[in-house]
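Taking it in order: structure first as structure tokens, then the write-up.
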Protein chains: 2
Amino acid sequence: MEPREISQAVIGRLPRYLRYLGDLKDEGIERISSQELSKLMKVTASQIRQDFNNFGGFGQQGYGYNVEHLYEEISNILGLDQKHQLIIIGAGNLGQALANYMNFERRGFIIKGLFDNNPALHGKTIRGISVQPMDQMEEFMKTNNIDIAVLTIPKTSAVEIAEKLVQYGIKAILNFAHVDLNVPAGIQVENVHLSDSLMKLSYNLSCYNKEQ
Amino acid sequence: MEPREISQAVIGRLPRYLRYLGDLKDEGIERISSQELSKLMKVTASQIRQDFNNFGGFGQQGYGYNVEHLYEEISNILGLDQKHQLIIIGAGNLGQALANYMNFERRGFIIKGLFDNNPALHGKTIRGISVQPMDQMEEFMKTNNIDIAVLTIPKTSAVEIAEKLVQYGIKAILNFAHVDLNVPAGIQVENVHLSDSLMKLSYNLSCYNKEQ
DNA sequence: AAAATCTTGTCAATGAATTGACAGGGGATT
DNA sequence: AATCCCCTGTCAATTCATTGACAAGATTTT
């Protein structure tokens, strides 16, 4: 049972599997074969079996996969059986939008704090969470056992703040700032660069138009 | 000069190149070699040369790449020399946050309209753009030559709205709804699934913790 | 209970992406 | 002007990811 390294390509597909399995569960469907799932999700059945097998055999020959069981397994693999305490740095439009989004909580991502440099926002409350000044971050992180920070601040201050967060013991960062953070190995970072997505769209648009 | 198919892996890296080149430009740096850029961006020099070469040789032996020129080239490849008119469907927190974000405009992505089902929001104005009811979408799209739609509505209505958008002639969709859209080939879709990013973080977190 | 039908787990084959290596052409230096 | 050094473009090698194929084991049907 050596914990062989799983490729990020596989990990990146797990949330999508989870989504489809959740939908199937809600529809009351008990079992599904890789072939059926393959048609539903528009990927090859081979890939589905290969992916699941990275974590051990969840299926049964002649039967397929038990939806509920598979859902639980993937859920656990993704660490969704544990709760994560998170803070949002930057209470601008995007930060507030994320704070208002309830669905994260259902997955165990609990928003505990909101921070911003702008004094005009201090004390403002979103879903019961009040915006605090940045300099209370360190104290707050210690008392609330925070492991994930969501960065929704401009690129100019993002790198600096990220370094502080690391110093204060953050374990993972979801970064919306349009800049690459410079963090030591072992700190997990996921970047969400919205303008990058728009640019890809733009490329594919002009590319497709040219072909016509 | 056959327009050979460029892999999405390469396209996905172009915006990041563009970002670094923009920064270099702002610093007044005129030339850069693949090796220097490689150190800066923490990717292999080989990959950089390979990537740029997909579009023809922008560099010069013994000199490197001219920053300004390379910036322009990549910019054009991504289609940023053209303007894109876009609408945002869903004027909730996220939709408003995106509408307020100015930086898209600098890249030629012009937000022309905002739509929402909620009558309470109709007439509300964000940066001069007023929120309109959904049933005016078709008319608006025709008169304003819209090519991109940003979907910031709940998953329950996203699929249906996407189909309507396609019917009205949309060319590309940036999808924030947590569901896969079902659009015909040729319509470009980019998904931004925030909870997926959080789940990946969660996996890597628990994975790293286990190794310690 | 036996036969027929599924469907997984897995291995091999293919395909794609990344990396390494180097020839040859420019620029810089003397 | 000649030499030296640098750096690209490109080919080959390697690594990684996806797909195809099938044996073996379960389930369902007869």
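Keep in mind the model is a prediction, meaning the values are calculated, not measured. By convention in this document, chain letters (A, B, ...) are assigned in the order of the sequence lines, proteins followed by strands, and residues within each chain are numbered from 1.
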Protein-nucleotide distance ([X], atom [atom1]; [N], atom [atom2]), rounded to Å:
| X | N | atom1 | atom2 | answer |
| --- | --- | --- | --- | --- |
| A:I32 | C:dC6 | CD1 | P | 16 Å |
| A:I48 | C:dT10 | CD1 | C1' | 16 Å |
| A:Y65 | C:dC6 | OH | C1' | 13 Å |

Does NZ or CZ of A:R31 come closer than 6.0 Å to the centre of the six-membered ring of A:Y65, within 45° of the ring's axis?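 Output no; distance or angle outside limits.
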Taking only nitrogen or oxygen atoms into account, show me every contact under 3.5 Å that the protein makes with nucleotides 17-19 of chain C, one pair per line with its distance.
from   : atom 1 : to    : atom 2 : distance (Å)
C:dT18 : OP1    : B:R13 : NH1    : 2.9
C:dT18 : OP2    : B:R13 : NH1    : 3.2
C:dT18 : OP2    : B:R13 : NH2    : 2.9
C:dT18 : O5'    : B:Q47 : NE2    : 3.4
C:dT19 : OP2    : B:T44 : OG1    : 3.1
C:dT19 : O4     : B:Q50 : NE2    : 3.1

Answer with yes or no after comparing the ring centroid distance for B:Y17 and B:Y71 against a 6.0 Å cut-off, counting only values under it. no
Apply the side chain to side chain donor-acceptor pair (under 3.5 Å) test between A:D147 and each candidate in A:H84, A:Q82, A:K171; give the one that qualifies. A:H84
Does the side chain of A:L70 come within less than 4.5 Å of A:I74's, by heavy atoms? yes
Could you pull out the protein-nucleic contacts involving nucleotides 25-27 of chain C (nitrogen or oxygen on both sides, under 3.5 Å)?
from   : atom 1 : to    : atom 2 : distance (Å)
C:dG25 : O4'    : B:Q61 : OE1    : 2.8
C:dG26 : O4'    : B:Q61 : O      : 3.2

Please tabulate, for side-chain N and O atoms in residues 194-201 of chain B, each donor-acceptor pair with protein atoms closer than 3.5 Å (sequence neighbours left out).
from   : atom 1 : to     : atom 2 : distance (Å)
B:S195 : OG     : B:H178 : NE2    : 3.2
B:D196 : OD1    : B:H178 : NE2    : 3.2

Using a distance-only test with no angle check, is there a side-chain donor-acceptor pair under 3.5 angstrom linking B:Y20 and A:D180?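 Short answer, yes.
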Is the closest side-chain donor-acceptor distance between B:N66 and B:Q60 under 3.5 Å?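 There is no such pair (donor and acceptor under 3.5 Å, judged by atom type) between the side chains of B:N66 and B:Q60.
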With sugar-phosphate meaning primed atoms plus P, OP1 and OP2, does B:F52 contact a base, only sugar-phosphate, or nothing at under 4.0 Å between heavy atoms?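 No contact.
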Please table the atom pairs, donor to acceptor, closer than 3.5 Å between any side-chain atom in residues 86-101 of chain A and protein atoms at least two apart or in another chain.
from   : atom 1 : to     : atom 2 : distance (Å)
A:Q96  : OE1    : A:K124 : NZ     : 3.3
A:Q96  : NE2    : A:A91  : O      : 2.9
A:N100 : ND2    : A:Q96  : O      : 3.2
A:Y101 : OH     : A:N103 : ND2    : 3.4

B:L24 side, atom CG; B:E30 side, atom CD - distance, nearest 0.5 Å: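 CD of B:E30 is found 12.0 Å from CG of B:L24.
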Salt bridge (charged side-chain N to carboxylate O under 4.0 Å, His left out) partners of residues 35-48 of chain A, not counting sequence neighbours, each pair once: none
Contact boundaries on DNA chain D for chain A, cut-off under 4.0 Å to non-hydrogen atoms: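 Extent of the interface on DNA chain D: D:dA17 to D:dT28.
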